[in-house]
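Report on one structure; see the data block that follows.
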Amino acid sequence: MSSKLATKQTTRREVLQMGSGLAGAALLSGALPLAVRASTGGSRQAQQQVPAPISNDRVAQMRAQAASIPVRTQKLRENIYMLSGPGGNMIALTGPEGKVLVDSSFAGAAPKVIEALAAIDAKPLKLLINTHWHFDHTDGNAAMHEAGATIIAHENTLKRLSAPQEIAAFQMHFDAAPAAAWPRRTFSDKFTLYYNGEELDLGYILPAHTDGDIYVRYQNGNVLHAGDVWFNGTYPFIDPSSGGNINGMIAGSAQCLAHVDADSVIVPGHGPSGNKAALTKYHDMLVTVRDRVQKQKAAGKTLPEVVAAKSTADLDAEWGKGNVTGDFFTTLVYSTL
Ligand SMILES: [Zn+2]
């Protein structure tokens with residue numbers, strides 16, 4: 001038991017060291033302004049840094065920056081739209097009964113999100129669904145609640161939003177969200193909503209990116225929101241301090257694949273909307289990296305040794321072009337196996 005504990009502590013410190021130079025960039029994926037990206041260190045530099053104390057300065061900075069990022073609207077189906085730009089990707093379903101929004105971006109982006117919703121049509125916002133608790137997906141919850149939305153999420157998302165949280169890999173601290181931001185309808189496994197002639201199937205994904213991830217499937221529109229279980233085209237961030245782990249990411253992306261076909265539009269938490277082929281390719285990449293890292297870990301290699309071995313070298317040109325480098329992803333995989 002004591003050796004298990006020691007392993008866990010080492011793992012946490014290693015993740016901290018690796019992530020400390022990244023300024024939360026991966027969490028935000030492409031939404032981070034270039035000036036901030038340029039100031040974030042590479043993984044080598046990050047490894048040498050002593051982790052700074054956990055603070056919420058960075059969180060405040062990101063909230064402020066989000067206000068200036070435009071919200072783009074992309075029509076996916078007759079009554080289903082993807083909203084993107086600041087924070088995680090959102091989906092709006094509209095119709096005679098009002099609008100249903102998935103995820104709420106940053107609080108600072110809320111006026112622009114509300115503007116984008118109004119530009120679709122005049123139907124009022126009625127429901128908001130959260131794919132998981134991370135602040136780039138839920139920080140706008142209170143504003144959407146004030147705009148009329150009842151919030152629905154997995155029960156673990158409520159647990160995390162209603163208590164202080166840390167994202168250890170980025171040294172971010174979050175106070176409990178205000179009560180207006182809390183989901184008021186929660187579920188543990190599945191939840192079905194009938195709205196505007198659409199059937200929305202919400203399904204729990206066992207711990208993957210966090211321990212509160214869900215997918216949202218639009219049965220008639222044949223659209224699926226995969227949350228942060230899918231970063232389209234890049235290595236994903238996995239949040240070990242919220243229960244995330246690589247095997248869950250693999251199982252979760254497979255679960256999403258089981259709910260789509262060749263005609264489905266799939267919205268990732270970050271990156272452009274995509275299809276089954278793109279999600280399959282991403283899933284296979286996760287398996288490849290997991291297998292390589294697992295083999296070395298089983299052979300007794302330490303994390304620095306596995307990182308130094310550059311196990312993802314042949315994949316980095318394609319998948320490491322986002323904010324999660326091959327070294328950081330290797331660290332996340334190793335530390336959650
Ligand atoms: Zn996330």
Side-chain angles (χ1 to χ4, degrees), residues 15 19 22-32 56 58-59 62-63 65-66 69 82-91 101-107 109 128-141 151 153-154 156-161 165-174 177 181 183 202 204-216 224-246 248-253 255-256 266-272 279 282 286 322-324 328-329 331-333 335-336:
V15 171
L22 294 172
L27 189 75
L28 294 167
S29 191
L32 206 68
N56 57 13
R58 247 174 228 173
V59 176
M62 286 181 186
R63 283 183 169 134
Q65 283 164 349
I69 300 170
M82 172 170 152
L83 274 56
S84 60
N89 291 327
M90 294 159 271
I91 292 182
L101 182 66
V102 176
D103 285 347
S104 64
S105 186
F106 291 104
L128 169 66
I129 298 163
N130 289 146
T131 59
H132 63 298
W133 80 270
H134 280 158
F135 79 135
D136 51 333
H137 299 256
T138 62
D139 199 39
N141 274 16
I151 306 172
H154 186 262
N156 289 345
T157 296
L158 171 61
K159 277 182 198 158
R160 293 196 177 275
L161 284 176
Q165 298 295 321
E166 285 176 11
I167 300 179
F170 297 130
Q171 298 164 40
M172 287 176 170
H173 171 81
F174 299 87
L202 285 56
Y204 182 50
I205 295 168
L206 288 168
H209 171 76
T210 67
D211 62 4
D213 303 311
I214 62 164
Y215 65 82
V216 181
L224 183 121
H225 196 315
D228 277 4
V229 169
W230 191 23
F231 280 52
N232 188 5
T234 63
Y235 293 128
F237 173 58
I238 302 170
D239 184 358
S241 53
S242 293
N245 67 87
I246 180 62
M249 291 292 277
I250 291 168
S253 50
Q255 197 178 342
C256 289
I266 314 169
V267 172
H270 299 275
L279 180 56
Y282 164 89
L286 297 181
N323 289 304
V324 178
F328 185 38
F329 187 55
T331 302
L332 292 169
V333 172
S335 63
T336 63

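Atoms within a ligand are numbered from 1 in the order they appear, just like the ligands themselves. For this chain, numbers begin at 1 and follow the sequence in order.
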Output the atom name for the N/O/S atom of [X] with the smallest distance to the Zn ion (ligand 1).
X: Asp228; value: OD2
X: His132; value: NE2
X: His134; value: ND1

side-chain hydrogen bond (donor to acceptor under 3.5 Å, both in side chains) filter on Ser105, not counting sequence neighbours, yields none
Residues at least two apart in sequence or cross-chain that pass side-chain hydrogen bond (donor to acceptor under 3.5 Å, both in side chains) with Asn245, listed by chain then number, are none
Salt bridge flag under 4.0 Å for residues Asp211 and Arg160:
yes
Any donor and acceptor pair, going by atom type alone, linking the side chain of His209 with main-chain N or O of Phe237 inside 3.5 Å?
->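 Looks like yes, one N/O pair under 3.5 Å.
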